[in-house]
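Accompanying notes for the structure given below.
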Amino acid sequence: MPDSPSEKTLEQVDYDARHWSSPVKGPLKPGTPEHKKAMADMFRETFNPYKPSVIPWPKLDPETLHRITSLPIWDIAVQTEGKARLRMAAYADMLDDPDVKDAIARNAWEENRHKEVLARMVEHYGIPLAPEDPYIEPRDTEWAYLVTGFSECWDSFFAFGLFSLAEKAGLFPMELIETFEPVMQEECRHILLFANWLAYHRAVMPLWRRPWFEMRVIGVLFFLLYERLSLVRSFDDDGVEHTQDNNFTVTGAQSMTDKKVDFVELMELCLKENERRFAGYDPRLLRPQMAPFAARMALRGVKLWRRLRGQKDGDAHQAA
């Protein structure tokens, strides 16, 4: 896996990480060699070679430091990246196709780098974490990979909006925002890879396996729904309870701004940021659709409810 700095300028590296098109002409139909190669080439050629060990963490004023350390996400964020790395690496190990294997193995490597970024940040700012449970290789690697992929698709969609909300609110220093910007764009690449892997996997799968696979996908979605409705509680070495919200990406908007957050405005921001982050990649590659579709349906429902109650947008925060 890559672990050396690029000779390109930072501006060029950042541009290359956000823009990519396949030289192949015509459609990229899932299941074809052209689509598979484009998927793998996209992920390899948009790699950003930043190194967590040299990130200059900015000095924070007491108020900002308290705001960051009090966010109920750090335990589960670090552990989620650790699990994602293990699950993706385990799935890559069982693959025979060199292109797909390389792409998912690189994805695992980047998940480990995300974990390292978070670990170095919490260490630098003295954020207490609960002890990490041992990371155990999954027995069902396909199930574990599906859980991780769909979870990232859902969480990243809302994280795009929350990240933009935090930037607009100005409650966090721009240096910290800029530090995490490459990580956010990497999440965009990760879910772009997953969406195209899923389409490719379905297309090349024998027809007799499709019903069982689709049942597993439905099972994964129900599992994630259950998980998002739950809270994870853990204790640190001093016996202090840490409550981690699995659904912070949806419920934590108020932590990112000192203004009241309207549901409609937040969902529209998530949709806008989602489209912006994908805009530079070849439009023939498939985009994740589950979270944007759910957001659009929720927007229609809330707007209809407000019209029926005679409310204006922005006046019905509690209704949302």
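Counting only heavy atoms from C-beta outward, the side chains of Thr148 and Lys83 never approach each other to under 4.5 Å. Looking at heavy atoms from C-beta onward, Met174 lies in side-chain contact with Glu178 at the 4.5 angstrom threshold. Side-chain contact between Asn107 and Arg85 is absent, with no heavy atoms from C-beta onward closer than 4.5 Å. Counting heavy atoms from C-beta on, the side chains of Leu165 and Lys168 never come closer than 4.5 Å. In this structure the side chain of Leu266 reaches within 4.5 angstrom of the side chain of Leu162, judged on heavy atoms. Inter-residue side-chain proximity for Cys188 and Tyr281 is flagged as met; some heavy-atom pair is nearer than 4.5 Å. Looking at heavy atoms from C-beta onward, Arg284 lies out of side-chain contact with Pro27 at the 4.5 angstrom threshold. The shortest side-chain heavy-atom distance between Leu192 and Trp20 does not fall under the 4.5 Å cut-off.
Of all heavy-atom pairs spanning Lys29 and Thr32, the tightest one is O-OG1, 2.6 Å. Between Pro30 and Ala203, the closest heavy-atom pair is O-CB, 3.4 Å. What you find for Pro292 and Asn274 is that their closest heavy atoms are CG-ND2, 3.8 Å. Of all non-hydrogen atoms in Glu268 and Leu299, the two that sit nearest each other are CG-CD1, 3.9 Å. Between Met39 and Trp197 the shortest heavy-atom distance is SD-N, 3.3 Å. Minimum interatomic distance between Ala119 and Val122 (heavy atoms only, all atoms of both residues): O-CG2, 3.2 Å.
The existence of a salt bridge linking Arg189 and Glu110 is confirmed by a sub-4.0 Å separation between a basic side-chain nitrogen and an acidic carboxylate oxygen.
Applying the 6.0 Å contact sphere to OH of Tyr135 captures more than 12 heavy atoms from other residues, nucleotides or ligands. Heavy atoms of other residues, nucleotides or ligands lying less than 6.0 angstrom from CE of Met215 number 12 at most. Under a cut-off of 6.0 angstrom, the local environment of CD in Glu181 is crowded, with over 12 non-hydrogen atoms contributed by other residues, nucleotides or ligands.
For residues 211-225, the pairs satisfying side-chain hydrogen bond (donor to acceptor under 3.5 Å, both in side chains) are Asp140-Arg216, Glu142-Arg216, Arg202-Glu214, Arg210-Glu214, with sequence neighbours left out.
Connection of Phe293 to Leu224 is not established within any shared hydrophobic cluster, with ILVMFWY side chains joined at heavy-atom distances below 4.5 Å, either directly or through further cluster members. One hydrophobic cluster holds both Val147 and Met94 under the rule that ILVMFWY side chains link at heavy-atom gaps under 4.5 Å. The hydrophobic cluster containing Leu193 does not contain Leu86, counting ILVMFWY residues as joined when their side-chain heavy atoms lie under 4.5 angstrom apart, directly or transitively. Both Val78 and Ile127 belong to a single network of hydrophobic side chains, linked directly or stepwise wherever heavy atoms of I, L, V, M, F, W or Y lie under 4.5 Å apart. In the hydrophobic cluster analysis, where Ile, Leu, Val, Met, Phe, Trp and Tyr join through side-chain heavy atoms closer than 4.5 angstrom, Leu286 is grouped apart from Leu271.
Atoms CG and CG, from Asp102 and Leu95 in turn, are 11.0 Å apart once rounded to the nearest 0.5 Å. Going from atom CZ of Arg18 over to atom CD of Glu186 covers 10.5 Å, rounded to the nearest 0.5 Å. Here the CZ atom belonging to Phe157 is positioned 10.5 Å from the CD atom belonging to Gln289, to the nearest 0.5 angstrom. Expressed to the nearest 0.5 Å, how far CD1 of Ile104 lies from CG of Asp97 amounts to 9.5 Å. The distance from the OG atom of Ser151 to the CZ atom of Phe194 is 10.0 Å, given to the nearest 0.5 Å. Here the CG atom belonging to Leu118 is positioned 9.5 Å from the OG1 atom belonging to Thr80, to the nearest 0.5 angstrom.
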Open item on the list: The test is salt bridge (Lys or Arg N to Asp or Glu O under 4.0 Å); show your working for Asp262 and Arg306 and say whether it passes.
Closed with: CA-CA 13 Å; Asp262 179 69; Arg306 290 180 177 183; 2.8 Å; yes
- [ ] Start with the C-alpha distance between Phe163 and Val183, add both sets of side-chain angles, then the distance that settles side chain to side chain contact (heavy atoms under 4.5 Å, CB included), and finish with yes or no.
- [x] CA-CA 11 Å; Phe163 191 77; Val183 177; over 6 Å; no
- [ ] Show your reasoning for whether side chain to side chain contact (heavy atoms under 4.5 Å, CB included) applies to Glu175 and Lys59.
- [x] CA-CA 9 Å; Glu175 296 90 342; Lys59 185 177 180 179; over 6 Å; no
Task: Test side chain to side chain contact (heavy atoms under 4.5 Å, CB included) applied to Tyr15 and Val13, step by step - done: CA-CA 5 Å; Tyr15 181 88; Val13 166; over 6 Å; no
TODO: Report the C-alpha separation of Arg67 and Glu63 in whole Å, then their side-chain angles, then the decisive distance to 0.1 Å, and conclude whether the salt bridge (Lys or Arg N to Asp or Glu O under 4.0 Å) test is met.
DONE: CA-CA 6 Å; Arg67 185 179 297 115; Glu63 183 180 355; 3.1 Å; yes
Task: Worked check of side chain to side chain contact (heavy atoms under 4.5 Å, CB included) between Met290 and Leu221 - done: CA-CA 10 Å; Met290 179 178 64; Leu221 297 180; 3.5 Å; yes
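Side chain of His124 to backbone of Arg120: no donor-acceptor contact under 3.5 angstrom is found. Formation of a donor-acceptor pair under 3.5 Å by the Arg113 side chain with backbone atoms of Tyr50 is found in this model. Side-chain atoms of Asp99 do not come within 3.5 Å of backbone N or O of Lys36 as any donor-acceptor pair. Between the side chain of Thr46 and the main chain of Met42, a donor-acceptor pair closer than 3.5 Å is present. Here the side chain of Gln185 pairs no donor or acceptor atom with the backbone of Ala17 at under 3.5 angstrom. A donor-acceptor contact shorter than 3.5 Å links the side chain of Lys101 to the backbone of Ala92.
With sequence neighbours left out, the side-chain hydrogen bond (donor to acceptor under 3.5 Å, both in side chains) criterion links Lys37 to Asp41. Contacts of Glu81 classified as side-chain hydrogen bond (donor to acceptor under 3.5 Å, both in side chains), with partners at least two apart in sequence or in another chain: none.
Note: Tyr91 and Trp143 fail the aromatic proximity criterion, with ring centroids not under 6.0 Å apart. Ring centers of Trp154 and Phe150: at least 6.0 Å apart, outside the cut-off.
With no hydrogens or angles considered, no side-chain donor-acceptor pair links Asn112 and Glu116 at under 3.5 Å.
By the 30° and 60° cut-offs, the orientation of the rings of His190 relative to Phe43 is tilted. Between His35 and Tyr200, the ring planes are parallel. Angles under 30° get that label, and only those over 60° would be called perpendicular.
With a 6.0 Å cutoff to the six-membered ring centre and a 45° limit on the axis angle, Arg276 does not count as a cation-pi contact of Phe160.
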